[in-house]
Amino acid sequence: MAMTDVTRRFSSRVDNYVRHRPGYPDAIVETLRDDCGLTANSIVADIGSGTGILTEMFLRHGNPVYGVEPNREMREAAERLLAGYDRFHSVAAAAEDTTLADASADVITAGQAFHWFDRKRARAEFARILNPRGWVSLIWNERLVTTPFLAAYEQLLKEYATEYEQVDHRRIDESVIGDFFHPATFTLKQFENRQVFDYDGLRGRLLSSSYAPEAGDPKHEPILAELRRLFDAHQSGGTVVFAYVTQMYYGRLA
């Protein structure tokens, strides 16, 4: 997958991304505070920051945050949504070349973005910009397949969604994470997370994904028809539930 393709994949999906992607549990910030010494003055570099979902958690905590995002449309959405935070700094750059100064970040985070990185180059860049006693945390929401509805939704993606299995976070196992943090070690914490959707929300959640067929794709109308059928078959009180486990890997790089 070409890097230019990666950085443009969400350009037409920003509105749905803002409205329908899950946030993260407060335990993310609490863990970094309790285990890694995060304070309101710690400088955070949020890499692949997108529309600012994770970024905003640290801004609410009081941190200065550099949101590094290569996709123009995603970055501009974050700039609009986070305009009220004086400590937010938007950076047009990629994980492999952040343009940030050496040793300038106390904490580096990547929320729902690590699978897009060139891992070798990104690790070298993280090591360059990280304070020698700083921490890195790789975070994502992993959708569970624990109910008949979620199993049916998973099958829907496998049948209709372009490249779904190539970008599924479940392809990243602990050996990949271990290689990234090596020679240091990492800790994994997991937290429950969930979203409740009516049909319009479910449709928006699907279309926020980079692999979902867009209008004009021959699979676009068929996947939406099947999504409607799944919703009608599994809804309770007009809603369905997405259950996630939030994976949080954190450690130092040396």
Distance-minimising heavy-atom pair for Gln247 and Glu142: NE2-OE1, 3.4 Å
pair Thr51-Arg80: side-chain heavy atoms closer than 4.5 Å: no
Side chain Glu96, main chain Asp118, donor-acceptor under 3.5 Å: yes
Steps toward side chain to side chain contact (heavy atoms under 4.5 Å, CB included) verdict (Tyr160, Leu227): CA-CA 11 Å; Tyr160 292 100; Leu227 185 73; over 6 Å; no
Side-chain (Glu69) to main-chain (Gly50) donor-acceptor, under 3.5 angstrom: yes
Minimum heavy-atom distance Arg21-Ser209, with the two atoms named: NH2-CA, 3.4 Å
Tyr164-Glu159 side chain donor-acceptor pair, cut-off 3.5 Å: no
Distance in Å, Met248 CE paired with Leu138 CG, rounded so as to fall on 0.5 Å steps: 9.5 Å
Exam field: side chain Asp106 to backbone Ile43, donor-acceptor pair closer than 3.5 Å: yes
Close side-chain approach of Val241 to Thr147, heavy-atom, < 4.5 Å: no
Pairs satisfying ring pair (Phe, Tyr, Trp, His ring centres under 6.0 Å), at least one member in residues 87-107, at least two apart: Tyr66-His89
CA sep, side-chain torsions, deciding dist, call: Arg228, Leu224, side chain to side chain contact (heavy atoms under 4.5 Å, CB included): CA-CA 6 Å; Arg228 178 82 243 191; Leu224 292 181; over 6 Å; no
Glu125 side-chain N/O to Thr98 backbone N/O, donor-acceptor pair under 3.5 Å: yes
Side-chain donor or acceptor of Arg87 paired with backbone N/O of Gly62 under 3.5 Å: yes
CG on Asp179 to CZ on Arg119, rounded to 0.5 Å: 8.5 Å
Side chain Asp46, main chain Thr55, donor-acceptor under 3.5 Å: yes
Check: Thr39 main-chain N/O paired with Asn63 side-chain donor or acceptor under 3.5 Å: yes
Glu76/Arg72 ion pair, N-O < 4.0 Å: yes
Ser49 side chain vs Val68 backbone, donor-acceptor pair below 3.5 Å: yes
Where Thr99 and Ala93 come nearest, the two heavy atoms and their spacing: CG2-CB, 4.0 Å
Close side-chain approach of Val65 to Tyr85, heavy-atom, < 4.5 Å: no
Any side-chain heavy-atom pair of Phe231 and Arg203 under 4.5 Å: no
CG-CE distance between Leu54 and Met57, expressed to the nearest 0.5 angstrom: 6.5 Å
Side-chain heavy-atom pair Tyr244, Gln195 within 4.5 angstrom cut-off: yes
Minimum side-chain heavy-atom gap Leu150-Glu154 below 4.5 Å: no
Phe149 and Tyr153 aromatic ring geometry - parallel, tilted or perpendicular at 30°/60° bounds: tilted
Intermediate values then yes/no, salt bridge (charged side-chain N to carboxylate O under 4.0 Å, His left out), Arg33 and Glu30: CA-CA 5 Å; Arg33 183 192 65 209; Glu30 293 165 3; 5.3 Å; no
Atom pair OH/CG of Tyr199 and Leu230 - distance to nearest 0.5 Å: 9.5 Å
Centroid separation Phe180 to Tyr249 less than 6.0 Å: no
Geometric class of the Tyr250/Trp135 ring pair [parallel <30°, tilted 30-60°, perpendicular >60°]: tilted
Short N-O contact, Asp35 and Lys189, less than 4.0 angstrom: yes
Thr246 side chain to Asn141 side chain, donor-acceptor N/O pair below 3.5 angstrom: yes
Check: Val91 main-chain N/O paired with Arg75 side-chain donor or acceptor under 3.5 Å: no
Donor-acceptor contact present, side-chain Asp173 to main-chain Ser175, <3.5 Å: yes
From CA spacing to verdict: side chain to side chain contact (heavy atoms under 4.5 Å, CB included), Leu157, Leu206: CA-CA 9 Å; Leu157 298 183; Leu206 170 67; 3.6 Å; yes
Gap between atom OG1 of Thr187 and atom CD1 of Ile177 - 0.5 Å precision: 12.5 Å
Heavy-atom closest contact (Arg123 atom, Phe181 atom, distance): NH2-O, 3.6 Å
Interatomic distance, Asn193 atom CG to Arg143 atom CZ [nearest 0.5 angstrom]: 13.5 Å
Exercise: identify the closest heavy-atom pair between Arg128 and Leu100: NH2-O, 2.7 Å
